[in-house]
Amino acid sequence: MKILFVHQNFPGQFPHLAPALAARGHQVLALTAETNGRKSPVRVVKYRKPEPIKISSPLTRMYAESAERGARAALAAQQLRDEHGYVPDVIFGHSGWGETLFLKEVWPEARLLIYAELMYQTEGLDTDFDPEFRRDGVAPRISTTARAAHLVQAMVQADAALSPTEFQAATFPTELRAKIRVIHDGIDTKVVRPNPEAILQIPNTTLSFRAGDEVVSFVNRSLEPYRGYHSFMRALPAVLAARPCAHAVIVGEEGQSYGAAPKDGISWKQRYLDEVRDQLDLSRVHFLGRVPYATYLSLLQVTRVHAYLTYPFVLSWSCLEALAAGALVVASDTAPVREVITDGVNGRLVDFFDIPTWSAALTEALANPAATAPLRAAARQGVIARYDLATACLPRLIDFVENAAR
């Protein structure tokens, strides 16, 4: 078959699926943004970057930007058809940025598959979760509903869809949920595994950590409230005070990936560091910023306890990879996490906002690593059973795509 992947940051969620389909003899191509410089496992073509849109109303901005990106992707698709005679049997695209919105107008004969990551809702998810940032009244509810317009349109057009977790699939309306199959992207547990020989070198210092050292880790793409950075930082002073030999290693960029930027121009990282700065020995707090994958993996392999927090939102790969690496994960007791961690069985769950309990749980994990061995073993085995790339996920992903054309 001819299979076209569509993702502005390709390979995105498809780094394993796309080359696996190519290895099975399919003709695999990817359509991505011209600004995307990521290495691709398959041949790519690029669409032109959309021009900035000047729209005064925030209610229509999200759809307008998504539609503009979709139009650029469709024009590139039309060029593929007119100049090269290219007609895919299957299109598999991420719906989050609007790129799939008009592809059926170019290739009506193709089967359209959607990566359905999350549907915005006014209640029960991220928008009304955190009292520190909650906005009351009807205005924010209208805004949230408006942001979902392009996602609904993409799902209506799709022949089938895929979500990585049951929680994420359940965010979509009942009328559309029947289209969705739940299959995770997969964790390569042969790569992400415990390593007693692991060493983490802290850049620009002589400091290094080995597996089992007294390290508490926190990892996210960006250091922001959506991923509980504020709760973690507020818990950290009591942890380091109780464990005078412990170090905190924090990975993440200074901006934001999901939520709004701070209104005062100070980054979330700086705001919550400043809040507790006077209570911390900063020589034991290490902000690494964005790191290579090998460094990130070494951190998961050396840490004694890994803190993972999230709003009711997309589950991070880092949560599952920490479990697969054999780390003890202390995580927020939120819906996406409860799907993969059972408190006292393969990790610990703590109320997202309960700072004293967070401090106590992290301190206890640092103080008694031997007691957590059964949880860490169960964590890895659980990932192997449910999320292993080779055995649990990739065969089902391949089947999902190949059956779409039948």
Side-chain angles (χ1 to χ4, degrees), residues 56-63 65-66 96-97 117-151 165 167-168 170-171 218-238 248 250-280 287 307-316 318-319 330-338 349-359 361-362:
S56 58
S57 171
L59 292 179
T60 56
R61 184 176 297 117
M62 174 70 85
Y63 184 82
E65 291 177 349
S66 299
W97 302 280
E117 191 164 28
L118 192 84
M119 175 65 73
Y120 300 120
Q121 294 182 4
T122 57
E123 295 181 344
L125 293 183
D126 53 316
T127 56
D128 66 341
F129 176 70
D130 194 334
E132 194 167 334
F133 304 101
R134 184 181 297 148
R135 294 186 301 143
D136 295 323
V138 73
R141 297 169 64 88
I142 292 172
S143 177
T144 299
T145 302
R147 292 177 65 204
H150 72 288
L151 300 175
T165 69
F167 166 78
Q168 289 164 248
T171 65
F218 181 89
V219 172
N220 268 299
R221 181 187 305 170
S222 299
L223 302 178
E224 59 185 331
Y226 259 62
R227 298 306 195 187
Y229 171 69
H230 53 329
S231 288
F232 174 75
M233 290 303 293
R234 288 164 177 169
L236 192 57
I250 300 169
V251 168
E253 296 181 318
E254 192 139 355
Q256 70 280 343
S257 297
Y258 302 110
K263 294 181 179 179
D264 55 11
I266 300 174
S267 70
W268 294 121
K269 172 197 168 183
Q270 199 62 45
R271 170 179 289 189
Y272 294 110
L273 174 59
D274 289 346
E275 182 180 310
V276 297
R277 179 185 295 275
D278 293 343
Q279 306 169 53
L280 290 173
F287 288 92
Y308 176 74
L309 300 92
T310 184
Y311 285 8
F313 198 62
V314 174
L315 183 72
S316 307
S318 65
C319 179
V330 178
S332 59
D333 189 7
T334 44
V337 183
R338 288 194 292 269
L349 295 179
V350 176
D351 184 284
F352 187 99
F353 305 105
D354 188 346
I355 305 305
T357 303
W358 268 102
S359 298
L362 296 173

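The structure displayed is predicted, hence computed values, not measured ones.
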Handout entry: ring-ring contact (aromatic ring centres under 6.0 Å, His included) partners of Y63, counting only residues at least two apart
Key = none

Handout entry: From CG (L236) to OH (Y229), nearest 0.5 Å
Key = 9.5 Å

Practice task
Answer yes or no: is there a donor N or O on one side and an acceptor on the other, between the side chain of S332 and the main chain of T310, under 3.5 Å?
Solution key: yes

Completion exercise
Correct closest heavy-atom pair for L362 and A307 would be CD2-CB, 4.2 Å

Problem - Test item: side-chain donor near acceptor, Q270 and S267, under 3.5 Å - result: no

Exercise for the section: Sequence neighbours left out, what passes side chain to side chain contact (heavy atoms under 4.5 Å, CB included) with A148? Give chain and number order. Expected result: M119, Y120

Handout entry: Nearest-0.5 Å distance, NE2 of residue H230 to CD of residue E132
Key = 5.0 Å

Completion exercise
Scanning both residues in full, the closest heavy-atom pair of F352 with P225 reads CZ-O, 3.7 Å

Only pairs under 3.5 Å count here: list side-chain donor-acceptor contacts from residues 255-264, not counting sequence neighbours, and write none if there are none.
from : atom 1 : to   : atom 2 : distance (Å)
S257 : OG     : S222 : OG     : 2.6
D264 : OD1    : I266 : N      : 3.1
D264 : OD1    : R271 : NH2    : 3.3
D264 : OD2    : R271 : NH2    : 2.8

Problem - Under the side chain to side chain contact (heavy atoms under 4.5 Å, CB included) test, residues paired with T145 that sit two or more places apart - result: T122

Fill in the blank from the handout: Minimal heavy-atom distance between S318 and V219, with the atoms involved, is OG-O, 4.0 Å

Practice task
First locate atom OH of Y272, then atom CZ of R234, and finally report the distance between them rounded to the nearest 0.5 Å.
Solution key: 5.0 Å

Practice task
Might you point out which heavy atoms bring P336 and P312 nearest each other, and give the distance in Å?
Solution key: CD-CA, 3.9 Å

Exercise for the section: Using atom types as modelled and distance alone, determine if a side-chain donor or acceptor of R221 lies under 3.5 Å from a backbone N or O of E253. Expected result: no

Handout entry: Any donor-acceptor pair under 3.5 Å from Q121 side chain to T171 backbone
Key = yes

Completion exercise
Sorted by chain and residue number, the side chain to side chain contact (heavy atoms under 4.5 Å, CB included) partners of A361 (sequence neighbours excluded) come out as V330, R348, V350

Fill in the blank from the handout: Heavy atoms of W358 and D351 approach each other most closely as NE1-O, 2.9 Å

Handout entry: Considering all heavy atoms, the nearest A331-V337 contact
Key = CB-CG1, 3.5 Å

Handout entry: Value rounded to 0.5 Å, distance of CD in E224 from OH in Y311
Key = 8.5 Å

Problem - Steps toward side chain to side chain contact (heavy atoms under 4.5 Å, CB included) verdict (W268, L223) - result: CA-CA 7 Å; W268 294 121; L223 302 178; 5.8 Å; no

Practice task
Rounded to the nearest 0.5 Å, what's the gap from CG on L118 to OG1 on T165? Could you check?
Solution key: 8.5 Å

With a 3.5 Å cut-off and sequence neighbours excluded, list the donor-acceptor pairs that the side chains of residues 134-141 form with protein atoms.
from : atom 1 : to   : atom 2 : distance (Å)
R134 : NE     : D128 : O      : 3.1
R134 : NH2    : D128 : O      : 2.9
R141 : NH1    : E123 : OE2    : 3.3

Exercise for the section: For Q168 and V314, indicate whether the former's side chain and the latter's backbone hold a donor-acceptor pair under 3.5 Å. Expected result: no

Exercise for the section: Decide if the gap between the ring center of F313 and the ring center of F129 is smaller than 6.0 angstrom. Expected result: no

Exercise for the section: Any chance you could lay out the side chain to side chain contact (heavy atoms under 4.5 Å, CB included) test for L315 and Y308, step after step, and finish with the verdict? Expected result: CA-CA 10 Å; L315 183 72; Y308 176 74; 4.0 Å; yes

Problem - Separation of L309 CG from Y226 OH (nearest 0.5 Å) - result: 15.0 Å

